[in-house]
Amino acid sequence: MVLECAAQPLAGSGTAAAGVAPVQQQVSPATNSSGNTCELVYSRPGSSGSSGRTPVLQAAPRRPTAAPATVAGQPGADPRLVRLTQQLVARAGKPADMRVLLAGQSLEAADVRRLLTYLDRQGAADVALDAFHAMKALPQFDMDDPVLRTKLIKMHSRRPKDTAAALALYDEMVADGVAPDAVCYNITLGTAGLGHHWGRVLSILGDMQAAGVQWDAFTCSALLSACQACGQWEQALEWFRQAQAVPGLQLNVVHYTTLMSCLQKAGQWEQSMRVFKEMEGQGIVPDVVAHNAAIAACAKGGEWEKAWAVFLAMKQAGLRPSTVSYNALISACERCGQADRALEVFASMQRQQVAPNTVTYNTAISACAKAGLYARAQALHAEMQAAGVPDDVFTLTALITACERIGHWQGAEQHFLEFQQRGIQPNTVVFNRLISALGRGGQWEQALAAFHAMQQPGAEQQQRQPEGGRRAAGGGSGRASQECRADSSNSSSSSSSSSSNSSSSSSSSSSNSSSSGSKVDPPFPSSQPAAAAAAAAAAVAAPPRREASAAAPAPAGQKQRARRRGARGSSSDSDSDGPEPVVYPPSSTARPDRITYGSLIAALERGGQWERALAVFEDMLAQGIQPNGYIFTSLINACEKGGQWETAVKLFKAMQQQDIPLDSMAMVARKALYAFPSLIKNMPAPLLDAARATVDTGRAARQWIEKKRDDS
DNA sequence: ATAGGGTTAG
């Protein structure tokens, strides 16, 4: 309601998508510099932010499909270069063949430039690179044109993983004595930033200054973008002030917006808002994108009312909020736990005929999830699919979170499997949410199974052996995944790999544990390493429940999983031994992090599995992952439940040797004060004071709440 | 051959 009261002409009808600039820097190489798309080469179905979808509104296709833009179809294309382009592409990955082909050619620098452009349109940056080197080795080509060099660098600057090649081209250029001009420096600076090569940003800027090339507006823009990518907000402020002092350099709305975004991403949302106001003070009129940055800053600061105010101000200024504007505002509401507001904004967006995209739905679903509105979250997901807006891992994360919030672990599992069947690979965050949801549902066995599935190499990765070898050498991770295979053979999974692995698992576990002990400082003072290793091996071992299902024969694969899920969902009467545990398919992409271990340990703590919790803890240390206060708290609680106060004391001592922030320590100490008064003598005085303070604070809070209750 | 905005976490 409120959102629309600012008089707003019903904006040019069906062009809902027009204002929706898909941001996605470096996204798909599909979009080239001239805005043409080489969809045939690179189209990525999943790349979201797709502005083109106007699901709710019109069904009409946007444009009457023009013939796919091939190079040959371009007006004015040089047929000779077109042919050469195709011949080079046909020799992709064969630089020697390229050289043979090119040996019979002779091209002016301008023609080489054009050739590179054609290759770029084909999405063949790698071919261009090989062709470039082939030509450089041939005497008839003059490759010292800085524009040509720059173009080649630019071709490798779109995806972060290509940026190393781009920077190598810059180095090669310098080594060849070809002097970069301002444009080349600007592009290379931007490339280094995109690839998070902060050191290179600084060195290239040094080159530029040494060459006496002045900053221009693009230099400043590239530097600010680099700061954003590398999290260097203080340097961004510094350079911004420096640029303000450069004569003839007028900072514009793009500069201000980039700086705002940099600050906001670094957690400096108040500074970001200050920059927004400074921009207005300088007489620079903020556009939609600048407003979006301001809304995002408020969102990060947890100030949804401020975000709302900026949104309204934008409308008052006669600007039409874009999809991103709405997304930012919905996010602000989501972060503040204002699910109703978030849904209100979402509804308003649809009334205003602004097309929601993947991010919109994800954020709205997440808002519902946090509020425990699982049915609403599901409805939004269904609507999303009906509208043809692709869902992704963020959607899955939100749905699992929604299940977790209401204690519906079965739902979490179902969403996980359903997404995976549709080819959406779970990432670490998804696994973390799943493990947490299972743990909160009391399903520690399944949480452990999910953890193991996470570490198993997925289908594509199993072919690439070297990586697995590297990982196994690292320590406990290899052990855990081998254990997993061993126990999944019980429950029926893979047929061939189990026999060989089950025998090796015990020996590998002990060797891994001992190697890990020397590698990482053991914060948990395992005075008897052998005993600790044995405990670890025992505790990570197969959940007992799985053995019940050994009877099931088992081809691994999609059909089987679907069948299992069906059988499970249909009723609880499945066969003889009660519900069959779901087998999580191995994952390729996800690696456990601190949150994974924390969630798993919490799950085991809830299940009263203090030994397993300790074993997982050991595994975590072996991975080189530092524990935090949350994890120590879970472990100490687990020991409390198990009556293991001596272990708790050890953990507490270990915790003191770690770099745990003092407030976390105080939290644990506070718990310890209640649970293990005998710990008091082990606590250093300041910590004890802190613990008592938190106890007092809690007491004060309770008194305050009770007083309020009495008042009302 | 050159720049900006929005989403997930115990």
Side-chain angles (χ1 to χ4, degrees), chain A residues 20-25 33 48-49 113 116-117 120 145-155 157 180-191 193 216-226 228 252-262 264 286-297 299 322-332 334-335 357-367 369-370 392-401 404 427-433 435-437 439-440 593-603 628 630-631 633-634:
Chain A
V20 187
V23 176
Q24 306 249 326
Q25 320 137 315
S33 51
S48 63
R113 280 191 217 167
L116 292 176
T117 303
D120 194 15
D145 172 23
V147 175
L148 184 162
R149 302 282 192 141
T150 305
K151 190 159 182 40
L152 202 54
I153 292 170
K154 175 67 183 144
M155 287 174 71
S157 67
D181 60 8
V183 174
C184 183
Y185 282 119
N186 293 344
I187 288 175
T188 311
L189 284 169
T191 304
D216 62 16
F218 290 103
T219 315
C220 181
S221 202
L223 288 175
L224 293 172
S225 296
Q228 185 194 40
N252 61 30
V253 66
V254 173
H255 299 118
Y256 277 93
T257 307
T258 312
L259 178 61
M260 285 177 67
S261 172
C262 178
Q264 172 252 306
D287 60 6
V288 171
V289 177
H291 279 95
N292 294 348
I295 297 169
S322 68
T323 297
V324 174
S325 314
Y326 281 100
N327 291 351
L329 185 55
I330 293 170
S331 169
E334 185 262 356
R335 282 169 175 270
N357 63 12
T358 299
V359 174
T360 317
Y361 277 106
N362 288 351
T363 314
I365 292 171
S366 179
K370 281 188 175 173
D392 61 10
V393 283
F394 285 80
T395 323
L396 176 56
T397 303
L399 287 170
I400 294 176
T401 303
E404 175 181 2
N427 62 12
T428 298
V429 177
V430 168
F431 271 106
N432 291 352
R433 307 308 321 137
I435 289 168
S436 176
R440 290 180 69 96
D593 61 9
R594 194 203 316 246
I595 294 177
T596 317
Y597 281 101
S599 305
L600 183 58
I601 289 169
N628 58 15
Y630 174 86
I631 287 171
T633 307
S634 294

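Just so it is clear, the structure is predicted and the values come from calculations on it, not from any experiment. Throughout, a chain's letter reflects where its sequence line sits, starting with A, and its residues are numbered from 1.
One interatomic measurement links the two molecules: CD1 of A:Ile400 to P of B:dG10, which rounds to 13 Å at whole-angstrom precision. Per the geometry, CZ belonging to A:Phe431 stands 21 Å off P belonging to B:dT8, to the nearest Å. Summarising the geometry, the separation between CG on A:Leu148 and P on B:dA1 is reported as 11 Å, rounded to the nearest angstrom. Computed from coordinates, the A:Phe394 CZ to B:dT7 C1' distance equals 5 Å when rounded to whole Å. What separates CG of A:Leu396 from C1' of B:dT7 is a distance of 14 Å, to the nearest Å. Across the protein-nucleic acid pair, A:Phe218 atom CZ and B:dG4 atom P stand 10 Å apart, rounded to whole Å. Between the P atom of B:dT2 and the CG atom of A:Leu224 lies a distance of 19 Å, rounded to the nearest Å. In this structure, CG of A:Leu399 is placed 15 Å from P of B:dT8, rounded to the nearest angstrom.
A donor-acceptor contact under 3.5 Å is not formed by the side chain of A:Asn362 with the base of B:dG6. Residue side chain A:Thr258 does not reach the base of B:dG4 through any donor-acceptor N/O pair under 3.5 Å, judged by distance alone. Not a single donor-acceptor contact under 3.5 angstrom links the side-chain atoms of A:Asn252 to the base of B:dG4.
Phosphate proximity of B:dG6 to A:Gln264: present, with a side-chain N or O under 4.0 Å from OP1 or OP2. For B:dA1, one of the phosphate oxygens OP1 or OP2 lies less than 4.0 angstrom from a side-chain nitrogen or oxygen of A:Lys151. At least one side-chain nitrogen or oxygen of A:Arg433 sits closer than 4.0 Å to the OP1 or OP2 atom of B:dG10. An OP1 or OP2 oxygen of B:dA9 is reached within less than 4.0 angstrom by no side-chain nitrogen or oxygen of A:Arg594.
Of the candidate nucleotides B:dT8, B:dG4, B:dA1, B:dT8 has the atom nearest to the side chain of A:Glu334. Of the candidate nucleotides B:dT8, B:dG10, B:dG6, B:dT8 has the atom nearest to the side chain of A:Thr397. Which of B:dA1, B:dT7, B:dG4 sits closest to the side chain of A:Ile187 comes down to B:dA1. Candidate nucleotides B:dA3, B:dG4, B:dA1 were compared by shortest atom distance to the side chain of A:Ala290, and B:dG4 ranks first. For A:Val429, the side-chain atoms get nearest to B:dT8 when compared with the rest of B:dG6, B:dG10, B:dT8. Checking B:dA9, B:dA3, B:dG4 against every side-chain atom of A:Val253, the shortest atom distance belongs to B:dG4. If you check B:dT7, B:dG10, B:dG4 against the side chain of A:Val359, the one that comes closest is B:dT7. Distances from the side chain of A:Thr363 to the nucleotides B:dT2, B:dG4, B:dT7 place B:dT7 closest. Listed candidates were B:dG10, B:dG4, B:dA1. Nearest to the side chain of A:Ile631 is B:dG10. Ranking B:dG4, B:dA9, B:dA1 by closeness to the A:Lys154 side chain, first place goes to B:dA1.
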Pair A:Leu224, A:Cys220 - check side-chain contact (heavy atoms from CB on, under 4.5 Å), show working. CA-CA 6 Å; A:Leu224 293 172; A:Cys220 181; 3.9 Å; yes

Run the side-chain contact (heavy atoms from CB on, under 4.5 Å) check on A:Val429 and A:Val393 step by step: do they pass? CA-CA 9 Å; A:Val429 177; A:Val393 283; over 6 Å; no

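For the pair A:Thr401 and A:Ser366, the minimum side-chain heavy-atom distance is 4.5 Å or more. Counting heavy atoms from C-beta outward, A:Asn357 and A:Thr360 have side chains that approach closer than 4.5 Å. No side-chain heavy atom of A:Leu396 sits under 4.5 Å from any side-chain heavy atom of A:Arg433.
At the heavy-atom level, A:Ala296 lies under 4.0 Å from the strands shown only through sugar-phosphate atoms. Residue-level contact check: A:Val288 touches the bases, meaning some heavy atom is under 4.0 Å from a base atom.
Side-chain contact annotation: A:Thr191 with A:Thr188, donor-acceptor N/O pair under 3.5 Å absent. With no hydrogens or angles considered, no side-chain donor-acceptor pair links A:Asp120 and A:Thr117 at under 3.5 Å.
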